[in-house]
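Comments concern the structure below.
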Amino acid sequence: MTDYNALAELLLPNIDKTPEYYENLYPARNLPEGARVVRVAPSPTGYLHLGTLFAGLVNRITATSSGGVFFTRIEDTDKKREIEGGIENIIDGFARFGITVDEGFYSGRQEKGDYGPYQQSHRAEIYQTYVKDLIKKGYAYPCFCTAEELEAVREIQEAQKIRTGYHGKWAKHRNITVEEAKALIDEGKPFVIRLKSPGSEENKVVFEDGIKGKIEMPENDEDFVLLKSDGIPTYHFAHAIDDHLMHTTHVMRGDEWISSVPKHIQLFKLLGFKVPKFAHISPIMKLDNGAKRKISKRKDPEAAVHFFAEQGFPSENVIEYLMTIAASDFEDWRRANPTASYKDFKFNLKKMSVSGALFDEVKLLDVSKNRICLLSSQQVYDYVTEWAKEFDPEFYEILVKNPEYTKAVFAIDRDVPKPRKDIAKWNEVKDYFSYMFDDLYVPCFELPENIQKADALAFLESYKAVYSADDDKQEWFNKIKAIAPTLGFAAETKEYKANPDAYKGSAGDLSTVLRLAITGRRNTPDLCSIMQVLGQDEVINRIDTILRG
RNA sequence: GGCCCGUUGGUCAAGAGGCCUAAGACACCGCCCUUUCACGGCGGUAACACGAGUUCGAAUCUCGUACGGGUCACCA
């Protein structure tokens with residue numbers, strides 16, 4: 001009969017606290033009925049990933065909707081994969097997207113809250129305390145197998161076509177004695193601590209997933225690793241301890257975790273913890289050569305959230321798009337509440353898609369357009385200059401040269417009851433308004449086929465003589481209409497349509513000529529406004545340039 | 001391969017046995033409005049993966065097949 005207490009002392013001699021100590025240190029939260037305590041637990045292995053942002057958003061909105069708590073926890077138990085600045089990348093990324101944090105890391109490396117530390121590498125002693133307790137109870141034991149030994153076992157299992165893994169009779173050190181363990185330790189052999197799983201493949205474990213519904217799986221019988229040889233826990237163990245001590249009520253994470261739920265449930269029960277509710281979020285997918293696959297950090301630029309910043313998507317518009325994926329009833333709500341903050345939306349997990357949604361940039365563009373058209377010219381000015389300062393310094397200089405002028409440009413078709421929906425992201429602005437800035441304007445006078453160059457030039461000549469920058473819209477167009485008949489064009493579109501053979505075209509065609517002369521484009525916002533902003537001199541100047549050929 | 005999960009138009013999706021002759025949004029096309037460019041309005045193309053079963057009745061329940069996804073580490 002193994003002396004488990006002796007084994008525990010042998011393995012973790014420096015641990016003198018007990019689970020009770022921590023239970024008392026982190027008492028239950030005082031929250032109203034129905035409040036959900038949720039978290040996002042990223043590992044600092046790279047930049048902020050779209051999937052992580054998505055998970056963060058879903059958790060944040062769940063906490064907000066229920067009057068609960070949202071916290072961040074850094075899962076840095078794998079030192080090999082950790083990168084410099086990894087924590088800041090993710091935490092500051094959340095902040096940039098307006099995902100506020102109630103507890104845990106909230107900016108750079110700053111953390112707050114009563115249930116910390118919120119970084120797993122700083123919680124080693126806590127995990128070890130619980131592991132020691134498990135060993136004493138005979139639920140955990142040391143394993144001295146090397147990677148090579150484990151690999152050899154796996155090969156045998158594969159050759160025999162049986163389930164691979166460290167379980168049942170394959171669990172070599174399951175019944176190791178204190179003496180055997182001591183001898184191996186004295187030899188300097190490294191070891192891990194494994195769970196002595198009481199489970200059986202024959203039994204079923206059933207749980208209700210908040211998103212996917214009822215799921216039934218075989219019980220875990222794998223003696224998986226709790227503590228790695230460096231004394232740091234694996235994800236599974238840290239998850240159980242932390243979410244218990246931090247009193248998480250709902251574990252909402254990527255659905256790649258579904259298959260390990262039996263392990264987690266087993267751990268919670270063995271440790272005497274209340275099992276939290278689980279909700280597994282489907283990944284955002286991407287179409288690759290006709291095949292759907294999870295969006296990948298390595299292959300897809302849009303997987304890195306930085307991609308959106310570079311393109312000039314306002315971060316809240318990316319969130320807006322993510323909300324449409326997260327909740328199937330969000331768009332309806334948005335139509336009814338066009339100016340409300342998405343945070344006021346009542347989020348319901350049941351409305352989340354069970355299968356993974358394809359990332360749709362075209363839809364993102366549309367969502368973003370619909371939000372940007374609601375902004376004032378001042379807001380657009382602030383956004384665009386902020387973006388350009390970082391990503392297009394040359395354009396930035398042009399924009400700030402004369403702020404009032406630039407704002408007047410953005411006000412065209414914007415500060416009106418029915419604003420134009422044209423800009424979806426800030427990197428489109430430069431090209432879209434290039435003709436409004438001397439430094440960017442390139443004259444171009446390619447007429448449509450139905451207009452003769454001689455007529456166009458004759459029109460410009462006449463128009464130049466009567467044009468005034470003070471004209472209001474009606475006056476402005478009346479002048480075009482007045483010239484039309486003198487050149488054989490119809491003043492009214494209807495007249496032309498009724499009798500197309502009698503005219504060369506309509507006043508509308510002449511507007512196109514003018515637009516071309518002034519902007520070099522066939523498509524622009526309201527021409528009259530453009531000419532007013534440009535000013536009399538510049539307009540005459542541009543017409544002259546065309547007339548001179 | 002084992003174990004899970006999924007499959008409604010090109011995309012996101014509504015849908016919980018009769019209300020489905022299957023909603024809405026994006027994209028696309030057409031028409032209307034219009035001084036241009038847009039906005040907007042109206043309309044259109046387009047889907048229940050397949051096969052059995054249960055039922056008076058199935059997109060909805062069951063089983064099977066196919067396809068897609070996830071997972072099987074001292075990574076999270």
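Note that these values count all heavy atoms, side chains included, but never hydrogens, waters or copies made by symmetry. Quick caveat: nothing in here was measured; it's all calculated off a predicted structure. Protein chains get the first letters and strands the later ones, always in sequence-line order, with residue 1 at the start of each.
Between Arg420(A) and Asp526(A), no side-chain nitrogen of the basic residue sits less than 4.0 Å from a carboxylate oxygen of the acidic one, so the salt-bridge criterion is not met. Contact check on Lys481(A) versus Glu492(A) returns a salt bridge, with a Lys/Arg side-chain nitrogen under 4.0 Å from an Asp/Glu carboxylate oxygen.
If you check rU35(B), rA76(B), rA25(B) against the side chain of Glu331(A), the one that comes closest is rA25(B). Taking only side-chain atoms of Pro218(A), from C-beta outward, the nucleotide of rU35(B), rC3(B), rA13(B) with the closest atom is rC3(B). Looking at the side chain of Ser328(A), the nearest of the listed nucleotides rG69(B), rC75(B), rA13(B) is rA13(B). Side-chain proximity of Asp332(A) to rG24(B), rU35(B), rC5(B): nearest is rG24(B). Among the nucleotides rG6(B), rA76(B), rC5(B), the one closest to any side-chain atom of Thr234(A) is rA76(B).
In this entry the distance linking CZ of Phe224(A) with P of rU71(B) reads 18 Å, nearest Å. Protein atom OH of Tyr463(A) is 16 Å distant from nucleotide atom P of rU35(B), rounded to whole Å. Atom OH in Tyr235(A) sits roughly 13 Å away from atom P in rU71(B) (whole-Å rounding). As a whole-Å value, the separation of Tyr321(A) OH from rA25(B) C1' is 12 Å. If you take CG of Asp209(A) and C1' of rG70(B), they are 13 Å apart, rounded to a whole angstrom.
With hydrogens and angles ignored, the 3.5 Å screen pairs a side-chain donor or acceptor of Tyr166(A) with a backbone N or O of Lys172(A). Listed for the Glu219(A) side chain is no donor-acceptor partner under 3.5 Å among the backbone atoms of Val205(A). At least one donor-acceptor pair under 3.5 Å links the side chain of Ser197(A) to the backbone N or O of Asn220(A).
Residue-level contact check: Ser43(A) touches the backbone only, with heavy atoms under 4.0 Å from sugar-phosphate atoms and none from bases. Heavy atoms of Ser353(A) sit under 4.0 angstrom from primed sugar atoms or phosphate atoms, though from no base atom. Residue contacts for Val354(A): at a heavy-atom cut-off of 4.0 Å it reaches the sugar-phosphate backbone alone, with no base atom in range. Nucleic acid contact class of Glu216(A) (heavy atoms, under 4.0 Å, all strands): sugar-phosphate only. Heavy atoms of Arg521(A) sit nowhere under 4.0 angstrom from any nucleic acid atom.
Contacts of Phe144(A) classified as ring-ring contact (aromatic ring centres under 6.0 Å, His included), with partners at least two apart in sequence or in another chain: His173(A), Phe191(A). Evaluation of the side-chain contact (heavy atoms from CB on, under 4.5 Å) rule for Pro448(A) yields Asn450(A), Ile451(A), Thr512(A), Leu516(A), Arg522(A) as partners, not counting sequence neighbours. Partners of Arg194(A) by salt bridge (charged side-chain N to carboxylate O under 4.0 Å, His left out), not counting sequence neighbours: none found. A search for salt bridge (charged side-chain N to carboxylate O under 4.0 Å, His left out) contacts involving Lys80(A) returns Asp78(A), not counting sequence neighbours. Every residue two or more places apart in sequence or in another chain was checked for a ring-ring contact (aromatic ring centres under 6.0 Å, His included) with Phe105(A), and none qualifies. Tyr435(A) meets the ring-ring contact (aromatic ring centres under 6.0 Å, His included) test with no other residue; sequence neighbours excluded.
Considering only side-chain N and O atoms, Lys351(A) lies under 4.0 angstrom from the phosphate OP1 or OP2 of rG15(B). Distances shorter than 4.0 Å separate none of the side-chain N or O atoms of Lys294(A) from OP1 or OP2 on rC5(B). At rC74(B), none of the side-chain N or O atoms of Lys80(A) fall inside 4.0 Å of OP1 or OP2 (strictly under the cut-off). When the side-chain nitrogen and oxygen atoms of Ser282(A) are compared with OP1 and OP2 of rG69(B), none of them lie within a distance under 4.0 Å. Within the structure, every side-chain polar atom (N or O) of Thr324(A) is placed at least 4.0 Å from both OP1 and OP2 of rA13(B).
rG43(B) is paired with rC29(B) under the Watson-Crick or G-U wobble criterion, all donor-acceptor distances under 3.5 Å. Shown here, rU21(B) forms no base pair; nothing in the strands shown gives a Watson-Crick or G-U wobble contact with both key distances under 3.5 Å. The partner of rC72(B) is rG1(B), by the rule that a Watson-Crick or G-U pair needs both atom distances under 3.5 Å. Using the Watson-Crick or G-U wobble rule with both distances under 3.5 Å, rU62(B) pairs with rA52(B). Shown here, rC67(B) forms a base pair with rG6(B); the pair counts as Watson-Crick or G-U wobble because both key distances fall under 3.5 Å. In this structure rC37(B) sits in no base pair that meets the Watson-Crick or G-U test at under 3.5 Å. Within the shown strands, nothing qualifies as a pairing partner of rA13(B) under the Watson-Crick or G-U definition with both distances less than 3.5 Å.
Nucleotide rC39(B) carries a syn base; the chi torsion (O4'-C1'-N9-C4 or O4'-C1'-N1-C2) is within 90° of 0.
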For this session: Could you please spell out the steps behind the salt bridge (Lys or Arg N to Asp or Glu O under 4.0 Å) verdict for Asp509(A) and Lys504(A)?
Result: CA-CA 9 Å; Asp509(A) 293 313; Lys504(A) 293 179 183 169; over 6 Å; no
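For residues 345-366 of chain A, the salt bridge (Lys or Arg N to Asp or Glu O under 4.0 Å) pairs, not counting sequence neighbours, are Glu331(A)-Lys363(A).
Residues Tyr342(A) and Phe347(A) keep their aromatic ring centres 6.0 Å or farther apart.
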For this session: Using a 4.0 Å cut-off on protein heavy atoms (strictly under), produce a 5'-to-3' string for nucleotides 38-44 of chain B with B for base contact, S for backbone-only sugar-phosphate contact, and - for none.
Result: SSS----
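Along RNA chain B, the nucleotide nearest to Leu150(A) and the one nearest to Arg522(A) differ in position, and the one closer to the 5' end is contacted by Arg522(A). Both Ile325(A) and Cys145(A) lie near RNA chain B, and the one whose nearest nucleotide falls closer to the 5' end is Ile325(A).
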List, one per line, each side-chain donor-acceptor pair under 3.5 Å for residues 255-264 of chain A, sequence neighbours excluded.
{"unit_1": "Asp255(A)", "atom_1": "OD2", "unit_2": "Lys212(A)", "atom_2": "NZ", "d": "2.9"}
{"unit_1": "Ser260(A)", "atom_1": "OG", "unit_2": "Trp257(A)", "atom_2": "O", "d": "3.2"}
{"unit_1": "His264(A)", "atom_1": "NE2", "unit_2": "Arg253(A)", "atom_2": "NH2", "d": "3.2"}

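The stretch residues 151-165 of chain A does not touch RNA chain B, since none of its heavy atoms comes less than 4.0 Å from the strand. At a non-hydrogen distance threshold of 4.0 Å, Glu256(A), Trp257(A), Ile258(A), Ser259(A) from residues 256-266 of chain A come into contact with RNA chain B. Of the residues in residues 356-369 of chain A, those lying under 4.0 Å from RNA chain B by heavy-atom distance are Ala357(A), Leu358(A), Asp360(A), Val362(A), Lys363(A), Asp366(A).
Residues Arg334(A) and Thr324(A) have side chains that never bring a donor and an acceptor to within less than 3.5 angstrom of each other.
Within 6.0 Å of the NZ atom in Lys453(A), the count of heavy atoms belonging to other residues, nucleotides or ligands does not exceed 12.
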